[in-house]
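Within every chain, numbering begins at 1; the chains are lettered A, B, ... in the order of the sequence lines, protein sequences first and strands thereafter. For clarity, every value in this text was computed on a predicted model and none was experimentally measured. As a basis for the values below, the full set of heavy atoms in this structure was taken, side chains included, without hydrogen atoms, waters or symmetry mates.
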Protein chains: 2
Amino acid sequence: MVQHHTRANPLFLREEELRQAIELLFYAYRDFTGEPDAILTKYGFGRAHHRVIYFVGRNPGITVSQLLRILKITKQSLSRVLSQLVREEFVAQRTDSDDRRRRMLSLMPKGEELERLLTERQSRRIARAYREAGAEAVEGFRTVLRGIINEEDRRRVTLAGSGRR
Amino acid sequence: MVQHHTRANPLFLREEELRQAIELLFYAYRDFTGEPDAILTKYGFGRAHHRVIYFVGRNPGITVSQLLRILKITKQSLSRVLSQLVREEFVAQRTDSDDRRRRMLSLMPKGEELERLLTERQSRRIARAYREAGAEAVEGFRTVLRGIINEEDRRRVTLAGSGRR
DNA sequence: CATTTACGTCAGTCTCGTTGACATATATGC
DNA sequence: GCATATATGTCAACGAGACTGACGTAAATG
């Protein structure tokens with residue numbers, strides 16, 4: 001697949017290979033977010049709203065501080081978009097009965113609908129790529145991406161899912 | 001959180017798998033850009049500067065319009081960061097002798113140095129992930145990422161690298 | 001010579017990230 | 001019960017970086 005005819009210089013090969021990875025990530029993320037971004041604009045929302053809607057939908061009952069740890073942004077940045085989503089009835093807050101300081105977040109019908117719309121687009125893109133690449137490539141894709149993620153957050157992705165070994 | 005022990009429903013499994021991909025991409029990109037972002041701050045630059053420096057370094061002599069096509073941002077957005085990079089002598093412009101409307105961009109010594117610094121960090125992260133994952137996984141990673149990229153831009157990544165030159 | 005292309009710029013807007021200070025409610029350890 | 005820590009929200013101010021739309025200039029091109 002990767003026809004490197006320069007076997008003479010392994011260092012060059014390595015750098016070229018790594019630069020390709022950098023570029024693949026850039027282009028893939030650019031296009032991966034491009035479609036949702038366009039949809040969000042119609043709602044007066046941006047990518048930050050998308051992230052909140054996605055992770056709240058994925059983890060119903062998640063608290064603000066848990067969300068902050070995932071997004072790695074400041075309380076202010078989250079607060080702005082979150083309060084907007086609550087105000088416009090995309091997201092609901094209810095007090096945790098165990099610890100009444102906590103606000104448990106969940107999607108309201110409007111939020112669920114938008115979440116589905118956005119996730120559907122992204123899923124379709126991934127599904128197509130997965131289908132074309134085959135199961136073995138998919139495993140490789142997952143493995144490498146996990147390796148790129150900071151160690152402390154790797155568990156976030158594979159614990160929840162089919163990757164139960 | 002969400003543990004799926006259901007093997008009964010293949011559709012559900014599929015959705016879970018796709019959501020994991022979405023999250024892998026999110027976390028990987030977040031951490032992939034996190035390190036360079038921190039460095040750039042010290043220079044008074046942002047991620048936009050990084051992208052320009054990277055792609056100019058990678059494609060010496062690239063023109064403004066070519067850069068726009070890669071970054072998919074507007075002329076204004078590019079103009080702001082580019083003129084700053086030129087002013088501060090990270091990037092040089094010289095008129096193309098064939099078509100004197102074009103400005104061919106290249107890195108100046110300061111730009112090359114910063115580019116190396118930033119790319120080094122990202123490369124190290126990728127290299128570690130590649131090493132841990134193995135050659136086969138790397139191929140899968142590349143294949144799936146290429147599939148995620150809009151078709152018209154796929155050639156950007158594999159032609160320039162292993163192909164010519 | 002008219003049109004198109006490449007590039008730059010001005011003015012204004014918006015999202016979304018930042019810091020730092022402060023307020024409140026609640027939980028928890030002693 | 002009190003002191004402290006935690007979870008959350010909010011205010012003010014700021015900066016980066018994206019956008020649109022319009023306009024201007026230089027050069028290439030049909």
Side-chain angles (χ1 to χ4, degrees), chain A residues 26 29-30 33-34 36-56 61-88 90-105, chain B residues 26 29-31 33-34 36-56 61-88 91-105:
Chain A
F26 167 74
Y29 201 75
R30 181 198 67 177
T33 52
D37 284 357
I39 295 171
L40 288 155
T41 303
K42 298 179 200 156
Y43 286 75
F45 292 152
R47 199 178 294 178
H49 299 84
H50 184 189
R51 292 197 276 248
V52 171
I53 285 176
Y54 180 84
F55 284 106
V56 169
I62 193 173
T63 66
V64 171
S65 56
Q66 288 173 329
L67 207 43
L68 285 175
R69 255 168 273 144
I70 289 175
L71 301 177
K72 285 200 184 163
I73 56 174
T74 59
K75 206 168 37 161
Q76 301 320 314
S77 299
L78 175 56
S79 186
R80 201 184 318 109
V81 297
L82 182 56
S83 56
Q84 195 182 344
L85 288 170
V86 169
R87 204 181 320 123
E88 299 184 25
F90 287 78
V91 169
Q93 295 178 328
R94 74 174 201 285
T95 306
D96 182 357
S97 53
D98 289 351
D99 184 338
R100 291 159 45 85
R101 292 171 305 180
R102 292 196 197 124
R103 307 241 173 137
M104 295 169 65
L105 308 172
Chain B
F26 167 73
Y29 201 75
R30 181 198 65 178
D31 294 341
T33 53
D37 284 358
I39 296 171
L40 287 155
T41 303
K42 298 178 201 156
Y43 287 76
F45 293 152
R47 199 178 295 177
H49 299 84
H50 184 189
R51 292 196 276 249
V52 171
I53 286 176
Y54 180 84
F55 283 105
V56 169
I62 193 174
T63 67
V64 171
S65 57
Q66 288 173 329
L67 207 43
L68 285 176
R69 254 169 274 145
I70 288 176
L71 302 177
K72 284 201 182 160
I73 56 174
T74 58
K75 205 170 33 161
Q76 301 318 314
S77 300
L78 175 56
S79 185
R80 200 184 325 106
V81 298
L82 182 55
S83 57
Q84 195 182 344
L85 288 169
V86 169
R87 204 182 320 123
E88 300 184 24
V91 170
Q93 294 178 328
R94 74 173 201 286
T95 306
D96 182 357
S97 53
D98 289 352
D99 183 339
R100 291 158 43 86
R101 292 171 304 181
R102 290 196 198 126
R103 307 240 174 138
M104 295 169 65
L105 307 172

Practice task
Would you kindly give the CZ-to-P distance between B:R69 and C:dT5, to the nearest whole Å?
Solution key: 12 Å
Exercise for the section: Give the nucleotide from the list C:dC16, C:dC7, D:dA18 with an atom nearest to the side chain of B:A48. Expected result: D:dA18
Handout entry: Heavy-atom pair of closest approach, residues B:L40 and B:G46
Key = CD1-O, 3.5 Å
Fill in the blank from the handout: Note: B:R30 and A:R69 closest approach over all heavy atoms is NH1-O, 3.9 Å
Exercise for the section: Using only heavy-atom distances, decide whether a donor-acceptor pair under 3.5 angstrom links the side-chain of A:Q76 to the base of D:dT10. Expected result: yes
Practice task
May I have the distance from B:D37 (atom CG) to C:dT18 (atom P), rounded to whole angstrom?
Solution key: 10 Å
Fill in the blank from the handout: Looking only at C:dC7, D:dA18, C:dG20, the nucleotide nearest the B:S65 side chain is C:dC7
Practice task
Round to the nearest Å and state the distance from B:I73 atom CD1 to C:dT15 atom P.
Solution key: 19 Å
Exercise for the section: Kindly determine whether B:D99 and B:T63 satisfy side-chain contact (heavy atoms from CB on, under 4.5 Å), including the steps that lead there. Expected result: CA-CA 11 Å; B:D99 183 339; B:T63 67; over 6 Å; no
Practice task
Could you give me the CA-CA distance, side-chain angles and deciding distance for A:Q84 and A:F45, then say whether side-chain contact (heavy atoms from CB on, under 4.5 Å) is met?
Solution key: CA-CA 9 Å; A:Q84 195 182 344; A:F45 292 152; 3.7 Å; yes
Exercise for the section: For A:K75 and C:dC16, give me the distance from atom NZ to atom C1', rounded to whole Å. Expected result: 17 Å
Exercise for the section: Please state whether the rings of A:Y29 and B:Y29 are parallel, tilted or perpendicular, taking 30° and 60° as the class boundaries. Expected result: parallel
Problem - Where A:L68 and A:T74 come nearest, the two heavy atoms and their spacing - result: CD2-O, 3.7 Å
Exercise for the section: Under 4.0 Å between any heavy atoms, over every strand shown, what does B:H49 touch: base, sugar-phosphate, or nothing? Just pick one. Expected result: sugar-phosphate
Practice task
Let me know the distance between CD1 of A:I62 and C1' of D:dA7, rounded to the nearest Å.
Solution key: 14 Å
Problem - Presence of A:R30 side-chain N/O under 4.0 Å of D:dA18 phosphate oxygens OP1/OP2 - result: no
Fill in the blank from the handout: Testing D:dT8, C:dT18, D:dC19 for proximity to the side chain of A:T63, the answer is D:dT8
Can you pull every protein N or O that's under 3.5 Å from an N or O on nucleotides 28-30 of chain D?
{"from": "D:dA28", "atom 1": "OP1", "to": "B:R100", "atom 2": "N", "distance (Å)": "3.0"}

Exercise for the section: Take the angle between the ring planes of A:H50 and A:Y54 and call it parallel below 30°, perpendicular above 60°, tilted in between. Expected result: perpendicular
Handout entry: Closest approach of B:D37 to B:R47 (non-hydrogen atoms, all atoms of both residues)
Key = OD2-NH2, 2.7 Å
Exercise for the section: Check whether any side-chain nitrogen or oxygen of A:Q93 sits under 4.0 Å from OP1 or OP2 of D:dT8, and answer yes or no. Expected result: no
Handout entry: Phosphate-side-chain proximity, B:S79 and C:dG8, N/O vs OP1/OP2 below 4.0 Å
Key = no
Exercise for the section: Kindly say if A:R103 contacts the phosphate of C:dA25, meaning a side-chain N or O under 4.0 Å from OP1 or OP2. Expected result: no
Practice task
Could you state the atom-to-atom distance from CG of B:L67 to P of D:dG17 in whole Å?
Solution key: 15 Å
Handout entry: Value in whole Å for how far the P atom of D:dT20 lies from CG of B:L68
Key = 12 Å
Problem - Side-chain N or O of B:T74 closer than 4.0 Å to phosphate OP1/OP2 of D:dA18 - result: no
Exercise for the section: Would you kindly give the NE2-to-P distance between B:H50 and D:dG17, to the nearest whole Å? Expected result: 12 Å
Handout entry: D:dG17 phosphate, OP1 or OP2, under 4.0 Å from B:S77 side-chain N/O
Key = no
Practice task
Would you mind telling me which of D:dT8, C:dC7, D:dC19 lies closest to the side-chain atoms of B:R102?
Solution key: C:dC7
Practice task
Report the nucleotide, chosen from D:dT8, D:dC11, D:dC19, that has the shortest atom-to-atom distance to any side-chain atom of B:R80.
Solution key: D:dC19
